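Comments concern the structure below.
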Amino acid sequence: MCPSMTEHSTDYELVIRPKYGLLDLNWQELKEYRELLFFLALREIKIRYKQTMMGASWALLQPFFTMIIFTLIFGRLAKMPSDGVPYPIFSYSGLLLWTYFSNALSQSSNSLVENAPLLSKVYMPRIFIPTAPCLSGFLDYIIAMSILAVMMVYYHFVPGISILLLPLIVLLTFMLASGVGYWLSSICVKYRDVKFVLPFFVQLLMFVSPVIYPVSIISGKLQWLLYLNPLTGLMNAHRACLLGHSPVDFIGLSISALVTIVIFLSGILYLKSTEKYFADLI
């Protein structure tokens, strides 16, 4: 080898070390790997509808048939109030957001354990794994929105200017599902029984959220208990901006946004503080 080439050659060594600081979030790294996040989200969509007879139609059927059952049981038999809105469209507008949240949360919470080979063999920002299911759920939400559009035409509902808040509400719901998913997916790596408790937790959360009933059904002195659940403000605002039947409750939405941001940021911090143990525990 030529001496001049030896003199100018340099060794390149990449050392990957665990992050120890709670606020040690490498934003540059997330930016460089951003294409991987979209690839993981696309993979979630392909896995979900692989070898299915009806494909993406399941995104329509799940909230639609749930709406029919709720209408028969709660709307017809139980005579559940719906703020002057026909109960089918009232329940579906809530189920639309709830279905996105519950599916995203369930898939995100189990994502780290289900992707064990990626954690132990491939380096990537670990936060992308529980984020991808929440991102891929947007497709189901958009598909299911077509049923609501038909119902709005049928029941003569026209959204007002508050429809401009819809992207913000969906974004906050994404952050809420992601934040809780960060917490539960990190805990699930160490305690595998979380996946057995999760379905009960999601079912219970639906009944303490205004999916099948309006907030007005609770007396004024106790309504603040409902607003401890961030889904309450998001559900109310979601219905109001889509149906235009009532003004948006900005106070309730602000409370939900504040709680959502706290859960989202604390979830990131908890995942970052525990990710250095994932490969050993998985």
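Just so we're clear, the structure is a prediction, and the values are computed from it rather than from any experiment.
Between Leu60 and Ser146, the closest side-chain pair of non-hydrogen atoms falls below 4.5 Å. Contact annotation: the side chain of Phe157 never approaches that of Leu148 to less than 4.5 Å [non-hydrogen atoms, C-beta and beyond]. Between Cys241 and Ile169, some side-chain heavy-atom pair lies under the 4.5 Å cut-off. When side chains are defined from C-beta on, Phe128 does not count as touching Leu135, because their heavy atoms never get closer than 4.5 Å. Met152 has its side chain out of reach of Ser93: every pair of non-hydrogen atoms, C-beta onward, lies at least 4.5 Å apart. Thr66 places none of its side-chain heavy atoms less than 4.5 Å from the side chain of Tyr92. Within the 4.5 Å cutoff, the side chain of Cys188 has heavy atoms near those of the Asn110 side chain. When side chains are defined from C-beta on, Leu253 counts as touching Leu234, because their heavy atoms get closer than 4.5 Å.
Taking CG from Leu96 and CE from Met235, the interatomic distance works out to 9.5 Å, rounded to the nearest 0.5 Å. Annotation: the span from Ser91 atom OG to Ile73 atom CD1 amounts to 11.5 Å, rounded to 0.5 Å. With rounding to the nearest 0.5 Å, the separation of CD1 in Ile47 from CD in Gln107 is 10.0 Å.
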Using distance only, find each side-chain donor-acceptor pair of residues 197-210 under 3.5 Å and give its atom names and separation, not counting sequence neighbours.
unit_1, atom_1, unit_2, atom_2, d
Ser209, OG, Leu205, O, 2.7
Ser209, OG, Asn229, ND2, 2.7

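Tracing side-chain contacts under 4.5 Å through hydrophobic residues (I, L, V, M, F, W, Y), one reaches Tyr213 starting from Ile69; they form part of the same cluster. Under the 4.5 Å side-chain heavy-atom criterion for ILVMFWY residues, no single connected hydrophobic cluster contains both Val150 and Phe64. Phe65 and Met145 fall within the same hydrophobic cluster, where Ile, Leu, Val, Met, Phe, Trp and Tyr residues are linked whenever their side-chain heavy atoms come under 4.5 Å apart, directly or through other members. Connection of Leu171 to Leu105 is established within a shared hydrophobic cluster, with ILVMFWY side chains joined at heavy-atom distances below 4.5 Å, either directly or through further cluster members. Grouping the Ile, Leu, Val, Met, Phe, Trp and Tyr side chains by contacts below 4.5 angstrom, directly or via other members, places Leu97 with Leu61.
Residues Tyr270 and Ser186 come closest through the heavy atom pair CE2-CB, 3.5 Å. The nearest pair of heavy atoms linking Gly267 to Tyr182 is O-CB, 3.4 Å. Scanning all heavy atoms of the two residues, the minimum distance from Ala240 to Ser162 falls at O-OG, 3.8 Å. Among all heavy-atom pairs drawn from Pro230 and Ile263, the shortest one is CG-CD1, 4.4 Å. Of all the heavy atoms in Arg126 and Leu112, the pair that sits closest is O-CD2, 4.2 Å. The minimum heavy-atom distance between Arg239 and Gly94, with the atom names listed, is NH2-CA, 3.6 Å.
Other residues, nucleotides and ligands place no more than 12 heavy atoms under 6.0 Å from the CD1 atom of Ile161. Atom OH of Tyr155 sits in a crowded spot, with more than 12 heavy atoms from other residues, nucleotides or ligands closer than 6.0 Å. Residue Arg76 places its CZ atom among 12 or fewer non-hydrogen atoms of other residues, nucleotides or ligands, all under 6.0 Å distant.
In summary, of the residues considered (Ile268, Thr274, Leu269), a side chain to side chain contact (heavy atoms under 4.5 Å, CB included) with Lys272 occurs for Ile268 alone.
Judged by distance alone, with hydrogens and angles left aside, the side-chain atoms of Ser178 form no donor-acceptor pair with the main-chain N or O of Met175 at under 3.5 Å. Under a 3.5 Å cut-off, the side chain of Tyr100 and the backbone N or O of Cys134 do form a donor-acceptor pair. No side-chain donor-acceptor contact under 3.5 Å links His238 to the backbone of Leu166. Without hydrogens or angle criteria, Thr232 side chain to Leu226 main chain gives a donor-acceptor distance under 3.5 Å. Although no hydrogens or angles enter the test, the distance criterion places no donor-acceptor pair under 3.5 Å between the side chain of Asp193 and the main chain of Phe196. Side-chain atoms of Ser106 never come within 3.5 Å of backbone atoms of Asn103 as a donor-acceptor pair (strictly under, hydrogens ignored).
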* Applying side chain to side chain contact (heavy atoms under 4.5 Å, CB included), run through Met80 and Ile217 and close with a yes or a no. => CA-CA 9 Å; Met80 185 71 69; Ile217 199 174; 3.5 Å; yes

* Hey, mind stepping through Leu72 and Leu77 against side chain to side chain contact (heavy atoms under 4.5 Å, CB included) and telling me if it holds? -> CA-CA 6 Å; Leu72 293 176; Leu77 299 179; 5.9 Å; no

* For side-chain hydrogen bond (donor to acceptor under 3.5 Å, both in side chains), just list the numbers for Ser109 and Trp183, CA-CA rounded to whole Å, side-chain angles, deciding distance to a tenth of an Å, and then say yes or no. => CA-CA 8 Å; Ser109 299; Trp183 276 99; over 6 Å; no

* To do: Report the C-alpha distance between Thr99 and Tyr141 in whole Å, list the side-chain angles of each, state the deciding distance to 0.1 Å, and finish with yes or no for side-chain hydrogen bond (donor to acceptor under 3.5 Å, both in side chains).
  => CA-CA 8 Å; Thr99 302; Tyr141 176 86; over 6 Å; no

* Quick one: do Arg43 and Asn115 satisfy side chain to side chain contact (heavy atoms under 4.5 Å, CB included)? Show the steps, please. => CA-CA 12 Å; Arg43 188 194 64 161; Asn115 290 277; 2.6 Å; yes

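There is a side-chain donor-acceptor pair under 3.5 Å between Ser216 and Asp83.
Ring centroid separation for the pair Trp224 and Tyr227 does not come in under the 6.0 Å cut-off. Note: Phe174 and Phe138 meet the aromatic proximity criterion, with ring centroids under 6.0 Å apart.
Using a 30° and 60° split on the angle between ring planes, Phe70 and Phe74 fall in the perpendicular class, above 60°.
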